[in-house]
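Right, one structure below, let's go through it.
Predicted model, so just to flag it, every value in this text is computed and none were measured.
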Amino acid sequence: QVQLVESGGGLVQAGGSLRLSCAASISIFSFATMGWYRQAPGKQRELVAIIGSGGNTDYAYSVKGRFTISNNSAKNTVYLQMNSLKPEDTAVYYCYAERRFNINGAPDYWGQGTQVTVSS
């Protein structure tokens with residue numbers, strides 16, 4: 001019943017910026033964490049960024065200093081601001097959410113995915 005709807009992907013030149021959005025159908029305070037994974041063809045799925053219900057954040061080493069995850073509880077939405085984009089950032093980006101009391105370490109809900117393509 002929970003839906004995560006992503007938007008904001010597209011094509012951008014290297015060095016450019018994009019902002020991804022993930023709108024949840026319920027209060028984001030229902031979740032312990034939300035975040036973003038990405039996956040390119042032939043590559044493992046990579047955790048890019050995570051934000052807790054208290055606003056704490058963490059990032060993959062490859063995006064630190066370039067990407068920022070944030071939330072807007074009034075809009076039930078999390079964002080991923082991506083700056084200084086590189087061709088290696090090209091992937092499908094998936095929003096996820098984990099319920100409170102989740103102890104299996106796996107996301108409970110997924111967005112539909114949004115394509116980010118960075119040209120050189």
Nearest heavy-atom neighbours spanning [X] and [Y]:
X: Gly113; Y: Glu6; value: N-OE2, 3.1 Å
X: Asp108; Y: Asn102; value: OD2-ND2, 2.7 Å
X: Ala91; Y: Ala40; value: CB-N, 4.0 Å
X: Cys22; Y: Met34; value: SG-CE, 4.2 Å
X: Thr90; Y: Val118; value: OG1-N, 2.9 Å
X: Gly9; Y: Leu20; value: N-CD2, 3.6 Å

Using side-chain heavy atoms (C-beta onward) and a distance below 4.5 Å, is [X] in contact with [Y]?
X: Gln39; Y: Tyr93; value: no
X: Tyr79; Y: Thr68; value: no
X: Trp36; Y: Phe67; value: no
X: Arg38; Y: Val63; value: yes
X: Val78; Y: Cys95; value: yes
X: Val12; Y: Ser17; value: no
X: Thr33; Y: Phe31; value: no
X: Lys86; Y: Arg66; value: yes

Can a side-chain donor-acceptor contact be found between Ser62 and Glu88 if the only test is distance below 3.5 angstrom? no

Separation between CD1 (Ile69) and CE (Met82), nearest 0.5 Å, reads 11.5 Å

At what distance, to the nearest 0.5 angstrom, does CG of Asn76 lie from CD of Gln3? 12.5 Å

Test: salt bridge (charged side-chain N to carboxylate O under 4.0 Å, His left out). Region: residues 16-28. Which pairs qualify, not counting sequence neighbours? none

Can you list everything that forms a salt bridge (Lys or Arg N to Asp or Glu O under 4.0 Å) with Arg100? Sequence neighbours excluded, please. none

Of the options Asp89, Asn83, Leu85, Leu11, which is the one that meets Leu18 in a side-chain contact (heavy atoms from CB on, under 4.5 Å)? Leu85

Please test Tyr37 against Tyr96 for ring pair (Phe, Tyr, Trp, His ring centres under 6.0 Å), starting from the C-alpha separation and ending with a verdict. CA-CA 8 Å; Tyr37 280 86; Tyr96 78 90; 5.2 Å; yes

